[in-house]
Amino acid sequence: MASEESFSRPLSVLEAVRSRRSVRAFTAEPVPRAVVEEILEAASRAPSGSNIQPWKVHVVAGTAREALSADLRAAHFDPADDQAGAEYTYYPTQWFEPYLARRRKIGWDLYGLLGIAKGDREAMAQQHARNYDFFGAPVGLFFTMDRRMEQGSWLDVGMFMANVMVAARGFGLDTCPQAAFITYHRIVRRHLGIPETDILLSGMALGHADPDAPENRLETERAPVADFTRFHGF
């Protein structure tokens, strides 16, 4: 069992932000509950409108995680399964530039590292299914909120999730936010006892990145500040 003392020294805030990435292969090394709690406590300092703090978190590990993963993978590979159906649309219904090119690039860069050829739908489906095993991470998190909340609260939960990912880096851990789970929110809801009054916003894998996995060599590009910023009055 890993101890808190075995984790890396805390990173500076800038180091944590700059080193955050979406990891798609983890080791089985456990993450102590006390560390997860400290990450969530730090993340709860995220801002929210009028301090309403709309986020809710369900954390899974051990046999609970294994049982959930088994049901999710079974549903993913069963064409007759009728449990799929997202409650909200994550991506635009029609893509346009520059977002389409960015989406295609990261997809083919990842598949290239994994040796998945263009058009190999079976290999792509197998890779997508790894979402439901949290890419091997020992801990999974699910973020929900009361469905009566409006768009401002979605922003609040997003800032909370960003804090979770950055705080995890402070412990030398990595994460992968996963919208893939919203497709099977009914299965997640049943396993974790999430009430119908709450909406599942995202999942997230948490653990130690596998240094030998080829997919973890993926380097995503970022547009320069000048591309997305306009300064006024400077």
J.: When the ring planes of Tyr132 and His128 are compared, do they come out parallel, tilted or perpendicular, using 30° and 60° as the limits?
T.: perpendicular

J.: Can Thr220 and Arg222 be counted as having a side-chain donor-acceptor contact under 3.5 angstrom?
T.: yes

J.: Looking at every heavy atom in both Ala75 and Ile187, which two are closest together, and how far apart are they?
T.: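 For Ala75 versus Ile187, the nearest heavy atoms are CB-CD1, 3.6 Å.
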
J.: Answer whether the closest heavy-atom distance between the side chains of Val164 and Ile39 falls below 4.5 Å.
T.: yes

J.: Atom CD of Gln83 and atom CZ of Arg189: how far apart are they, to the nearest 0.5 Å?
T.: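 Here the interatomic distance stands at 12.5 Å.
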
J.: Could you tell me how the ring of Trp55 sits relative to the ring of Phe160: parallel (under 30°), tilted (30 to 60°) or perpendicular (over 60°)?
T.: parallel

J.: Looking at Asp198 and Arg147, does any basic side-chain N land under 4.0 Å from a carboxylate oxygen?
T.: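 Salt bridge absent between Asp198 and Arg147.
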
J.: Quick check: do Val139 and Val59 have side-chain heavy atoms less than 4.5 Å from each other?
T.: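 They are in side-chain contact.
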
J.: Just wondering, more than 12 heavy atoms not from Phe231 lying within 6.0 Å of its CZ?
T.: no

J.: So, for Arg230 and His232, which heavy atoms are closest and what is the spacing to 0.1 Å?
T.: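 Residues Arg230 and His232, closest heavy atoms: O-CD2, 3.3 Å.
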
J.: Decide yes or no for Val157 and Thr144: does some side-chain heavy atom of the first lie under 4.5 Å from some side-chain heavy atom of the second?
T.: no

J.: Under a single-linkage definition using a 4.5 Å side-chain heavy-atom cutoff for Ile, Leu, Val, Met, Phe, Trp and Tyr, are Tyr111 and Val23 assigned to the same hydrophobic cluster?
T.: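 In one cluster: no.
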
J.: Counting only heavy atoms not in Lys105, do more than 12 fall under 6.0 Å of its NZ?
T.: no

J.: Which heavy-atom pair separates Pro47 from Asp156 by the least distance, and what is that distance?
T.: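 Closest pair (atom of Pro47, atom of Asp156, distance): O-OD1, 4.0 Å.
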
J.: Using only atom types and a distance under 3.5 Å, with no angle test, would you say the side chain of His208 pairs donor to acceptor with the backbone of Ala28?
T.: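 Between the backbone of Ala28 and the side chain of His208 there is no qualifying donor-acceptor contact (under 3.5 Å).
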
J.: Does NZ or CZ of Arg103 fall inside the cone over Tyr91's six-membered ring, less than 6.0 Å from its centre and within 45° of the axis?
T.: yes

J.: Ring centroid separation for Tyr184 and Phe181, is it under 6.0 angstrom?
T.: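 Ring centroids of Tyr184 and Phe181 are no less than 6.0 Å from each other.
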
J.: Return the CG to CG distance between Leu68 and Asp133, rounded to the nearest 0.5 Å.
T.: 10.0 Å

J.: Quick one: are Leu114 and Gln127 in side-chain contact, heavy atoms under 4.5 Å?
T.: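 Yes. Closest side-chain heavy atoms under 4.5 Å.
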
J.: When you look at Leu173 and Leu206, which way does the side-chain contact (heavy atoms from CB on, under 4.5 Å) test go after all the steps?
T.: CA-CA 7 Å; Leu173 296 167; Leu206 171 69; 4.1 Å; yes

J.: Does Ala226 offer a backbone N or O that forms a donor-acceptor pair with the side chain of Thr229 under 3.5 Å?
T.: no

J.: Would you indicate whether the side-chain heavy atoms of Arg169 and Asp174 approach each other to under 4.5 Å?
T.: yes

J.: To the closest 0.5 Å, what do you measure between CG (Leu192) and CZ (Arg190)?
T.: 10.5 Å

J.: Is there a chain of hydrophobic side chains (I, L, V, M, F, W, Y, each step under 4.5 Å between heavy atoms) that links Val31 to Val166?
T.: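 Different hydrophobic clusters.
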
J.: Go through it in stages, so that I can follow the logic: the residues are Glu15 and Arg20, the test is salt bridge (Lys or Arg N to Asp or Glu O under 4.0 Å), and I'd like the CA-CA distance, side-chain angles, deciding distance and then a yes or no.
T.: CA-CA 8 Å; Glu15 286 175 326; Arg20 188 221 62 82; over 6 Å; no

J.: If hydrophobic residues (ILVMFWY) are linked whenever their side-chain heavy atoms come closer than 4.5 Å, directly or via other members, who joins Phe77 in its cluster?
T.: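 Its cluster mates, by chain and number: none.
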
J.: If every non-hydrogen atom of Ser202 is compared with every non-hydrogen atom of Ala179, which pair is closest and at what distance?
T.: OG-N, 4.2 Å

J.: Check whether any side-chain heavy atom of Ile52 sits under 4.5 Å from a side-chain heavy atom of Ser153, and report yes or no.
T.: yes

J.: In Å, rounded to the nearest 0.5 Å, how long is the span from OH of Tyr90 to CG of Leu201?
T.: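 Interatomic distance, Tyr90 OH to Leu201 CG, rounded to 0.5 Å: 11.0 Å.
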
J.: Dump the intermediate steps for side-chain contact (heavy atoms from CB on, under 4.5 Å) on Ser22 and Thr175, then the final yes or no.
T.: CA-CA 6 Å; Ser22 293; Thr175 55; over 6 Å; no

J.: Identify the heavy atoms of Asn163 and Ala43 that sit nearest to each other, and give their distance.
T.: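 Closest pair (atom of Asn163, atom of Ala43, distance): ND2-O, 3.3 Å.
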
J.: Nearest 0.5 angstrom please: Leu141 CG to Met161 CE, how far?
T.: 9.0 Å

J.: Would you compute the distance between atom CZ of Arg217 and atom CG of Leu110 and round it to the nearest 0.5 angstrom?
T.: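 Reported to 0.5 Å precision, the distance equals 11.5 Å.
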
J.: What's the shortest heavy-atom distance between Phe26 and Ala209, and which atoms?
T.: CD2-N, 4.2 Å

J.: Answer yes if the side chains of Arg24 and Gln178 hold a donor-acceptor pair under 3.5 Å, and no otherwise.
T.: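 No, no side-chain donor-acceptor pair sits under 3.5 Å.
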
J.: So that I can tick it off, tell me whether Arg186 and Glu196 are bridged by a salt bridge, with the cut-off set at under 4.0 angstrom between side-chain N and carboxylate O.
T.: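 Not counted as a salt bridge, because no side-chain N and carboxylate O are separated by less than 4.0 Å.
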
J.: Around Glu219, counting heavy atoms of other residues, nucleotides and ligands shown, do more than 12 lie under 6.0 Å from its CD?
T.: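 For Glu219, atom CD is not crowded (no more than 12 foreign heavy atoms under 6.0 Å).
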
J.: Between Val17 and Met165, is there a shared hydrophobic cluster once you connect ILVMFWY residues whose side-chain heavy atoms come closer than 4.5 Å?
T.: no

J.: Tell me, with the steps shown, if Glu221 and Arg102 meet salt bridge (Lys or Arg N to Asp or Glu O under 4.0 Å).
T.: CA-CA 9 Å; Glu221 297 178 355; Arg102 291 172 181 171; over 6 Å; no

J.: Report yes if some heavy atom in the side chain of Phe134 is under 4.5 Å from a heavy atom in the side chain of Arg65; otherwise report no.
T.: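 Heavy-atom side-chain distance check passes, below 4.5 Å.
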
J.: Dump the intermediate steps for side-chain contact (heavy atoms from CB on, under 4.5 Å) on His76 and Gln126, then the final yes or no.
T.: CA-CA 10 Å; His76 174 71; Gln126 290 287 346; over 6 Å; no

J.: In the structure I gave you, are the side-chain heavy atoms of Ile199 and Tyr88 within less than 4.5 Å of one another anywhere?
T.: yes

J.: side-chain contact (heavy atoms from CB on, under 4.5 Å) for Met145 and Trp154? Distances and angles first, verdict last.
T.: CA-CA 9 Å; Met145 71 175 183; Trp154 290 66; 3.0 Å; yes

J.: Tell me whether Leu218 shares a hydrophobic cluster with Met204, the cluster being built from Ile, Leu, Val, Met, Phe, Trp, Tyr side chains joined at under 4.5 Å.
T.: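 Different clusters: Leu218 never reaches Met204 through Ile, Leu, Val, Met, Phe, Trp or Tyr contacts under 4.5 Å.
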
